[in-house]
Structure formats: structure tokens, C-alpha cells
Amino acid sequence: MSPLTAIITGASEGLGKSFAIELAGRNINLMLVALPSSSLPELASFIRKNFSVKVNYLETDLTRTESYLEIFDYLQEQDITAHLLINNAGLGNWSWFEEKSAAFYKMQIELNVVTPVLLTRLFLAQADSAVTSYILNVGSLGGLFLVPKKQVYGATKSFIRYFTKCLQLELYGSNVKISLLSPGGINTKPELLVMNNTLKGISKATILEPEQVARIAIDGLLQGKKEIIPGIINRLLVLLNSLLPASVKDMIIKRRLNTILES
Ligand SMILES: NC(=O)c1ccc[n+]([C@@H]2O[C@H](COP(=O)([O-])OP(=O)(O)OC[C@H]3O[C@@H](n4cnc5c(N)ncnc54)[C@H](OP(=O)(O)O)[C@@H]3O)[C@@H](O)[C@H]2O)c1
């Protein structure tokens, strides 16, 4: 059995579930975390049956401060040191700012910002400095581009971008590798699949399947890549974004806003 263990947040569905299966296939033990009454018990037994890895799981609401300590207390009780942390759990939105409640934004900021920061802090405190440890922070291309109707979500992902890039500088020369995953759209749930199927041309070409993203992300993480942008079209869009003057980008965003207003 592998001596390595990975913590994956938001592991019951979507990209988190794909990370779990990808890591199990690479013989890495798992500590899965998702909300209570999620499908974690079924996923854990599926992985135990099909792979030779140890699977632990904890059903807890990561917007509760106590949940961070619960994860590491649980690992300590089992005498497990975690070598990988995947900060994946996140809450999106596609809505005008006034359409969501204050309580929604509080929860979104807690899950997308507070949780990864505090889990990273606790993960580093227990990391074994004699072996390489890995952190993968799941950001989004939404953290780089201004996207109307994704105002708070995009801002949380910009935070993750800054946080990860700063930590990379602070941890330079240490035995910790930290990567930022910046995906475009991913077909993680039926409603996204339906929406993504209506896209055409370049927009459609930016969409990937969760299994593809998980494989590319884990390859990049283990190779110590600083930023992982799955998909050639997505990488070209990022390059274009760095080359275009701000005035042209403003014009494109205003046009995009008009399209959304008319739809
Ligand atoms: N999908 C995309 O197009 C896309 C694009 C770029 C980046 N991303 C990023 O990729 C990550 C995964 O996205 P996804 O689409 O796979 O999400 P998803 O399908 O909605 O899955 C979210 C996961 O997080 C868990 N979760 C939600 N709230 C939680 C809480 N309070 N406490 C503990 N666990 C909680 C869910 O558990 P339950 O099953 O129990 O609810 C589920 O396992 C996110 O960070 C997202 O921002 C996604």
C-alpha cells in the first residue's frame, strides 16, 4: 500500500470525484471530504473495491470553522500524515449581484476563500519536511478574466490566484510544491452540461471533461508546475489576455455584457 495520503475537499461530485479516482489509480491513499449526506460512502466503497488504496472520509460542512480542525484531528487519530492537499470545494454563481442573498455570498466567500487558506495553514503545520508535500489550489480562468454575472465567484478565484502565487514565492526552496489549477468550463454536472452544449466555436472548445482536467492537473502538480491551464484553447486565451491592451478588453467585455442583457 502507498505511503502517501491526499486530502481532497469537495470529493463527492464533479472535479473532486475525478481527483479521487485519478489519485487512487496512482496508488495514493485518500482522505475525502464533502457535505453530510453526500455520496462519499458509496464513492469510498467503489474505490476500495477497484483500487489498492486506503480510503477515509469525513462528511462535514467546510464553512464551519471547526470542520478544519476535525479533518486534521481525524487524521492524527488514525496516525496519518497528509502529503497532498487538494483545495477543490467551491461554490459558483451565474447571476446578477442583486439576485443572490447576503447569506449566499457569505457562504461562497467562506467556502472559496477562508476554507483553502485555513486548510493550507493546518496542512503545512503537519507536513513532514523530510518528504515532498504538494498543494493544488483549484482556481478558475474566471479569476483572470472579468466575467459579468460571476462577480463574487471571480473575485474569490482572483484571491486564490494571488494567495497561491505568493505562497509559491514564500515556499521557494522548501519541500512543498504548490500549484494553481486554472480551468475553463468543465462538464461537472447536468445543468453545466446542458448550458455548455449550447455553446459554439471557441467557447465550446474551452470546455473539458472532469476526468481530463483531473489527469492534467495531477500530472502538473507532481511535476511541480506553478500554474496548470488545461486545454490548448484556454492557454491561448490567457496568452491573448496578456497581450491585448486594457481598452480592447473593456470593449470585448461591454459587448459580452450587451449579449447577456439581450438574452
Ligand atoms: N465546473 C466548472 O465549470 C468549473 C470551472 C472552473 C473551476 N471550477 C472549480 O472547480 C472546483 C470543483 O467544481 P465542481 O464543478 O466540480 O463543483 P461541484 O460539482 O458543485 O462539487 C462541489 C463539491 O464540493 C462539495 N461542497 C459544496 N459545499 C460544501 C461545503 N460547505 N462543505 C463541504 N463540501 C462542500 C460538494 O459536496 P456535496 O456533493 O455534498 O454537495 C461537492 O463534493 C470548484 O472550486 C470550482 O470553482 C469549476
Side-chain angles (χ1 to χ4, degrees), residues 7-22 30-44 57-68 70-71 85-94 103-119 135-145 147 149-150 152-161 163-164 179-197 199 203-204 206-214 216-218 227-231 234 237-238:
I7 303 172
I8 307 171
T9 66
S12 61
E13 297 290 341
L15 186 57
K17 186 175 177 176
S18 297
F19 278 134
I21 293 171
E22 181 64 34
L30 303 171
M31 171 71 206
L32 310 175
V33 185
L35 282 170
S37 308
S38 64
S39 44
L40 276 188
E42 291 79 10
L43 178 63
Y57 65 87
L58 193 67
E59 295 183 295
T60 185
D61 182 349
L62 286 166
T63 61
R64 288 182 320 115
T65 310
E66 313 82 69
S67 67
Y68 317 126
E70 274 166 28
I71 298 171
L85 169 66
I86 304 194
N87 281 310
N88 166 74
L91 185 59
N93 72 290
W94 176 249
F104 174 87
Y105 292 125
K106 184 168 181 289
M107 189 167 67
Q108 189 177 42
I109 293 166
E110 273 167 1
L111 187 64
N112 295 11
V113 171
V114 179
T115 301
V117 171
L118 300 190
L119 285 183
I135 302 172
L136 180 68
N137 284 338
V138 180
S140 166
L141 284 188
L144 198 59
F145 299 117
V147 186
K149 297 182 100 172
K150 282 190 182 273
V152 178
Y153 175 74
T156 65
K157 295 300 182 180
S158 294
F159 177 99
I160 290 301
R161 181 176 196 81
F163 171 60
T164 308
S179 301
L180 172 67
L181 174 65
S182 301
I186 316 169
N187 280 329
T188 50
K189 32 184 176 259
E191 58 270 31
L192 286 180
L193 188 64
V194 170
M195 197 171 90
N196 293 338
N197 274 342
L199 298 173
S203 306
K204 197 176 177 66
T206 62
I207 309 295
L208 296 175
E209 296 304 318
E211 299 79 16
Q212 279 176 289
V213 175
I216 295 166
I218 301 301
E227 183 166 5
I228 303 154
I229 305 171
N234 289 326
L237 285 175
V238 172

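In each ligand, atom 1 is the first atom listed, and ligand 1 is the first ligand listed. Sequential numbering from 1 along the given sequence is applied to the chain's residues.
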Q) Should Glu66 and Arg64 count as an ion pair when the cut-off is N to O under 4.0 Å? A) yes

Q. Under a 4.0 Å heavy-atom cut-off, what residues line ligand 1?
A. Gly10, Ala11, Ser12, Glu13, Gly14, Leu15, Ala34, Leu35, Ser38, Thr60, Asp61, Leu62, Thr63, Asn88, Ala89, Gly90, Leu111, Val138, Gly139, Ser140, Tyr153, Lys157, Pro183, Gly184, Gly185, Ile186, Thr188, Lys189, Leu192

Q: Please determine which of Val117, Leu180, Asn87 meets the side-chain contact (heavy atoms from CB on, under 4.5 Å) test together with Ile160.
A: Leu180

Q.
Looking at Asn88, is its backbone amide N or carbonyl O close enough to the side chain of Thr9 to form a donor-acceptor pair, meaning the two atoms are under 3.5 Å apart?
A. yes

Q) Does Asn187 reach the main-chain N or O of Glu209 with its side chain, forming a donor-acceptor pair under 3.5 Å? A) no

Q.
Do Glu110 and Lys106 make a side-chain contact, defined as non-hydrogen atoms from C-beta onward lying under 4.5 Å apart?
A. yes

**Q.** Contacts of Ser182 that satisfy side-chain hydrogen bond (donor to acceptor under 3.5 Å, both in side chains) - sequence neighbours left out
**A.** Glu227

